Amino acid sequence: MAIKITFPDGSVKEYPRGVTAAKVAEDISSRLAKNAVAARVSGVLQDLEDEIQEDSSLEIITVDQPEGLEILRHSAAHIMAEAVKRLYPQAKLAIGPAIENGFYYDFDVPEAFSPEDLGRIEAEMHKIVQENQEFTHWEVDRETAIKEFAAMGEDYKVELLQEMEDDQVSIYKQGELVDLCRGPHLPSTGKLKAFKLLNVAGAYWRGDSNRPMLQRIYGTAFAKQKDLDEHLRRLEEAARRDHRRLGRELDLFSIQEEGPGFPFLHPNGMVIWRSLEDFWRKEHRRRGYQEVKTPIILSESLWQRSGHWDHYRENMYFTEIDERPYAIKPMNCPGSILLYKRRLQSYRDLPLRYCELGLVHRHELSGTLHGLMRVRCFHQDDAHIFMLPSQIQEEITGVIDFIDYVYRDVFGLNYRVELSTKPEDAMGPDEIWETATEALRKAVEAKDIPYEVNEGDGAFYGPKLDFHLEDCLGRTWQCGTIQLDFLMPERFDLTYIGEDGKEHRPVMIHRVIFGALERFIGILIEEFAGAFPVWLAPVQARVIPVGERYLDYADQVRRQLMEDDLRVEIDARDEKVGYKIRSAQLEKIPYMLIVGEKEAEAGTVSVRHRQAGDLGSMPVEEFRKLLRQEAASMALQPLDISSVVD
RNA sequence: GCCGGCGUAGCUCAAUCGGCAGAGCGGCGCAUUCGUAAUGCGUAGGUUAGCGGUUCAAGUCCGCUCGCCGGCUCCA
């Protein structure tokens, strides 16, 4: 009895019924068989050793494919679990998935793993690989599975099984390890060549801080040792662009023991800050925003009215003035709302766009603080748009375009969008949430921007579109957000006078572009690895006189450049040129201007760029134009001299 | 907040079994006046995160507190 197997290229071949994908792969080429990790049979991923009983399409999945690598990593997690069970028989298994760049497995063990334990576990894994144990699997009905896992003391697996809806579940076994798993897996443990355990961390069972804390071991695995080495090298490189390290090395900011989560901006960091702020102001002005400033401390009663008291109190700081209770603002919206309410508003004046670089304070859990990325006080580039219901779409779209312009066009950053929906602890009725959520959804979809839905992650007053940026290790941070709010206007009884002379209820958008200046600067530091484009660079050019005799000329050059507000300084230290260049390079200063006898006589500077190297000499005036233009255009790459226009 | 790890000079790191706290870089001083990634010599710099304990003796061992790092939870 033969069955027909259709391959991805459309070709069809006959094989005996019950043939395995492994045999088919072997039939095609021994090389394919060697790299194969699983098969996709009629669209479903399965093991290579599973028998194929009917006419099917077949794709052999190899380790070179993303799915193949994922299977490899998932199998690595199982091998790690087996190693852990051998060394710590009392360990209970929780879950162990493949993740981006690796895998993890959560264990419940009486004592936490130490970093040294990882070495032992890794060594045991190597043994298991050596033993080349086969991965086998079978189906069993759920009730039986529950009994069996209960007998093994695998309480977490039992809990998972109890919540599953399928009648039949799939069980995998390799060596001594029996695990509840959908698969597929490698044919055998010997296929795992390149892996490494990276670190161990606590993780709550099911991500719930009320449940037990388990021990999570993270590891990574690749098809080849070369790929693993490359990945480890990238991790090291990423550590070098960590904004906390660069922040110290480039003297941009610091966080002192006296104020955990409260960053200090140094003179160099402040230059970046001011450049961003100038850019921010200019861009808002031309989009019809009006800048405001609202107080940092406001009466507690305001926060009760806004709902923060009920929904956000845990994150707030409080104080008392003249025996009356006040709160330090965690958000800027109530302040903007008070400004809106200060007078009667006409429909003619809407949309009213108030923007504010507002300093907010939030009590974040100590364990979550992270350099500039998560702090306890930060400046939001906030704005509140008060508008007619008919203006919702256009305003949302305007903000989406604004964010896209800033992220992509200006900074060259890639971002990911999430639509965050109603949280559990939310104000207002479901219908309003639905209306608001749909309005946001409609706006992103109209822009054809891909997005994921982040269920239950909205603000307590409204759903939001969140814009995430990546740091050097690929961790994502929420930066921009657009929140649509029907509820605050209600609570504060906001109104505008409509065409009909009657009072109507406006709708609000709360939005940020950078998110927080602090976080955005953190992202930029890592994105540029500290080598900021000229418009942001704390020092744009450093004049390096080759000897003391040329200090006067160096100063003349500096003055000339400073006339255009360029940030230039002189390295007047009594050191050799090579030394001064090295220091400027390490400080990642975009341009170095070497001046000596020749330059002083000709009125030129010898230009060196931090990446391009020696660019030869040019008249000071020409360099001035180049630098001015590079700064003004917010160029991400150095300009070519020939492109500079007068 | 929770789990684990870590904390020595401004920075990077040494200090054997519990036995005199050190080096390089950076800083400062002197010499040198130099042409595209490190000139030489000298010198200052420490409550070994803090508090308590064990010991003849603690950077080292124990306890507590603080901070940092990696995760989890949470969020701009």
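Worth saying up front: this structure is predicted, and the values here are computed from it rather than measured. Worth knowing before you read on, the calculation uses all heavy atoms, side chains too, and leaves out hydrogens, waters and symmetry mates. Per chain, numbering begins at 1; letters A, B, ... match sequence-line order.
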Open item on the list: I'd like to know if the side chain of A:Asp242 reaches the main chain of A:Ala239, judged simply by a donor and an acceptor atom lying under 3.5 Å from each other, with no hydrogens or angles considered.
Closed with: no

Open item on the list: The side chain of A:Ile594 is closest to which nucleotide in this list: B:rA76, B:rG35, B:rA38?
Closed with: B:rG35

Open item on the list: Both conditions, 6.0 Å and 45 degrees, for the charged tip of A:Arg216 above the ring of A:Tyr204: are they met here?
Closed with: no

Task: Sugar-phosphate, base or nothing in reach of A:Asp382, heavy atoms under 4.0 Å - done: nothing

TODO: Whole angstrom is fine here: how far is it from CD1 in A:Ile255 over to P in B:rA49?
DONE: 21 Å

Task: Selection: residues 374-381 of chain A, any non-hydrogen atom under 4.0 Å of RNA chain B - done: A:Arg374, A:Val375, A:Phe378, A:Gln380

TODO: Using the P atom as the reference point in each nucleotide, state the distance between B:rG19 and B:rA31 in Å, no decimals.
DONE: 45 Å

Could you list, one pair per line, each protein nitrogen or oxygen that sits under 3.5 Å from a nitrogen or oxygen of nucleotides 29-31 of chain B, together with the distance?
none

Open item on the list: Let me check I have this right: for RNA chain B, each base becomes ., (, ), [, ] or |, based on Watson-Crick or G-U pairs with both distances under 3.5 Å. What is the full string?
Closed with: (((((((..((((.....[..)))).(((((.......))))).....(((((..]....))))))))))))....

Task: Steps toward side-chain hydrogen bond (donor to acceptor under 3.5 Å, both in side chains) verdict (A:His468, A:Gln478) - done: CA-CA 4 Å; A:His468 294 252; A:Gln478 186 188 314; 4.6 Å; no

TODO: Would you classify A:Glu518 as touching base, sugar-phosphate or nothing, given that sugar-phosphate means primed atoms plus P, OP1 and OP2, and contacts are heavy atoms under 4.0 Å?
DONE: nothing

Task: Interatomic distance, A:Asp425 CG vs B:rC74 C1' [rounded to whole Å] - done: 13 Å

Protein-nucleic acid N or O pairs under 3.5 Å, nucleotides 70-72 of chain B:
unit_1: B:rG70; atom_1: OP1; unit_2: A:Arg244; atom_2: NH1; d: 3.3
unit_1: B:rG70; atom_1: OP1; unit_2: A:Arg244; atom_2: NH2; d: 2.6
unit_1: B:rG70; atom_1: OP2; unit_2: A:Arg244; atom_2: NH1; d: 3.0
unit_1: B:rG70; atom_1: O2'; unit_2: A:Asn199; atom_2: ND2; d: 2.5
unit_1: B:rG71; atom_1: OP1; unit_2: A:Arg475; atom_2: NH1; d: 3.2
unit_1: B:rG71; atom_1: OP2; unit_2: A:Arg475; atom_2: NH1; d: 3.3
unit_1: B:rG71; atom_1: O3'; unit_2: A:Tyr218; atom_2: OH; d: 3.1
unit_1: B:rG71; atom_1: O2'; unit_2: A:Tyr218; atom_2: OH; d: 3.4
unit_1: B:rG71; atom_1: N2; unit_2: A:Gly202; atom_2: O; d: 3.3
unit_1: B:rG71; atom_1: N3; unit_2: A:Gly202; atom_2: O; d: 3.3
unit_1: B:rC72; atom_1: O4'; unit_2: A:Gly202; atom_2: O; d: 3.3
unit_1: B:rC72; atom_1: O2'; unit_2: A:Tyr204; atom_2: N; d: 3.0

Task: Spacing between A:Leu365 atom CG and B:rG67 atom P, to the nearest angstrom - done: 13 Å

- [ ] Provide the closest heavy-atom pair for A:Lys580 versus A:Glu575 in the form atom of the first, atom of the second, distance.
- [x] CE-O, 3.2 Å

TODO: Would you please say whether a donor-acceptor pair under 3.5 Å links the side chains of A:Asp471 and A:Trp477?
DONE: yes

Open item on the list: Suppose we call two aromatic rings close when their centres sit under 6.0 Å apart. Are A:Phe411 and A:Phe520 close by that rule?
Closed with: yes

Task: Rounded interatomic separation in angstrom, taking OH from A:Tyr550 and C1' from B:rC34 - done: 10 Å

Open item on the list: So, does A:Arg573 get its side chain near the phosphate of B:rC34, meaning an N or O under 4.0 Å from OP1 or OP2?
Closed with: no

Open item on the list: So, OP1 or OP2 of B:rG35: does either fall under 4.0 Å of a side-chain N or O from A:Lys580?
Closed with: no

Open item on the list: In whole Å, I'd like the distance from the CZ atom of A:Phe460 to the P atom of B:rC74.
Closed with: 18 Å

Open item on the list: Counting the atoms with a prime plus P, OP1 and OP2 as sugar-phosphate, which does A:Glu599 contact under 4.0 Å by heavy atoms, base, sugar-phosphate, or nothing?
Closed with: base

- [ ] For residues A:His74 and A:Phe103, establish whether the separation of their ring centroids is below 6.0 Å.
- [x] no

- [ ] Using a 4.0 Å heavy-atom cut-off across all strands, classify A:Arg549 as base, sugar-phosphate, or nothing.
- [x] sugar-phosphate

TODO: Give the nucleotide from the list B:rA76, B:rC34, B:rC75 with an atom nearest to the side chain of A:Val577.
DONE: B:rC34

TODO: Between A:Ala112 and A:Thr476, name the one whose nearest nucleotide on RNA chain B is closer to the 5' end.
DONE: A:Ala112

Open item on the list: Tell me if the centroids of the rings in A:Phe253 and A:His266 come within less than 6.0 Å of each other.
Closed with: no

Task: Side chain A:Glu257 and base B:rG7 donor-acceptor under 3.5 Å - done: no

Task: Per A:Lys576 side chain, nearest of listed nucleotides B:rC75, B:rC34, B:rG35 - done: B:rC34

Open item on the list: Does this structure show an ion pair linking A:Arg206 with A:Asp208, if we count only N-O contacts that are shorter than 4.0 Å?
Closed with: no

Open item on the list: Can a donor-acceptor pair be found, under 3.5 Å and without considering hydrogens, that links the side chain of A:Thr368 to the backbone of A:Leu365?
Closed with: yes

- [ ] State whether the side chain of A:Lys422 and the backbone N or O of A:Gly462 hold a donor-acceptor pair below 3.5 Å, judged by distance alone.
- [x] no

Open item on the list: Between A:Phe532 and A:Ile272, does the side chain to side chain contact (heavy atoms under 4.5 Å, CB included) criterion hold? Intermediate values first, please.
Closed with: CA-CA 9 Å; A:Phe532 295 98; A:Ile272 298 169; 3.5 Å; yes

Open item on the list: I'd like to know if the side chain of A:Arg416 and the backbone of A:Phe467 have a donor-acceptor N/O pair within less than 3.5 Å.
Closed with: no

TODO: Would you please confirm or rule out a distance under 4.0 Å between OP1 or OP2 of B:rU12 and any side-chain N or O of A:Arg248?
DONE: yes

Open item on the list: Are A:Tyr88 and A:Phe107 an aromatic pair, judged by ring center distance below 6.0 Å?
Closed with: no

TODO: Determine the Euclidean distance between corresponding P atoms of B:rG45 and B:rA9; express it in Å to zero decimal places.
DONE: 15 Å

TODO: Would you check if the side chain of A:Arg287 reaches a backbone N or O of A:Glu283 as a donor-acceptor pair within less than 3.5 Å?
DONE: yes

Open item on the list: Taking the nucleotide of RNA chain B with the nearest heavy atom to each, does A:Val607 or A:Phe113 sit closer to the 5' end?
Closed with: A:Phe113

Open item on the list: Roughly how many Å apart are B:rU16 and B:rA58, using the P atom of each and rounding to a whole number?
Closed with: 16 Å

Task: Close approaches to RNA chain B from residues 93-103 of chain A, in residue order (heavy atom, under 4.0 Å) - done: none

Open item on the list: Using a heavy-atom cut-off of 4.0 Å across all strands, would you classify A:Met373 as base, sugar-phosphate, or nothing?
Closed with: base

Task: salt bridge (charged side-chain N to carboxylate O under 4.0 Å, His left out) contacts touching residues 374-383 of chain A (sequence neighbours left out) - done: none

Task: Euclidean distance for P, B:rC2 against B:rC61 (whole angstrom) - done: 25 Å

Open item on the list: Please report whether the ring centroid of A:His379 lies less than 6.0 Å from that of A:Phe514.
Closed with: no

Open item on the list: Does B:rA76 have OP1 or OP2 under 4.0 Å away from a side-chain N or O of A:Gln478?
Closed with: yes

Open item on the list: Tell me the interatomic distance from A:Glu587, atom CD, to B:rA37, atom C1', rounded to whole angstroms.
Closed with: 13 Å

Open item on the list: Nearest whole Å is fine: how far is B:rC69 P from A:Leu235 CG?
Closed with: 18 Å

Task: Aromatic contact, A:His510 with A:Tyr461 (centres under 6.0 Å) - done: yes

TODO: Taking only the side-chain heavy atoms of A:Arg519 (C-beta and beyond), determine which of B:rA76, B:rU73, B:rU33 contains the nearest atom.
DONE: B:rA76

Task: Length of the CZ-C1' vector between A:Arg582 and B:rG26, whole Å - done: 12 Å

- [ ] Measure from the side-chain N and O atoms of A:Tyr553 to the backbone N and O of A:Glu599, and report whether any donor-acceptor pair falls under 3.5 Å.
- [x] yes

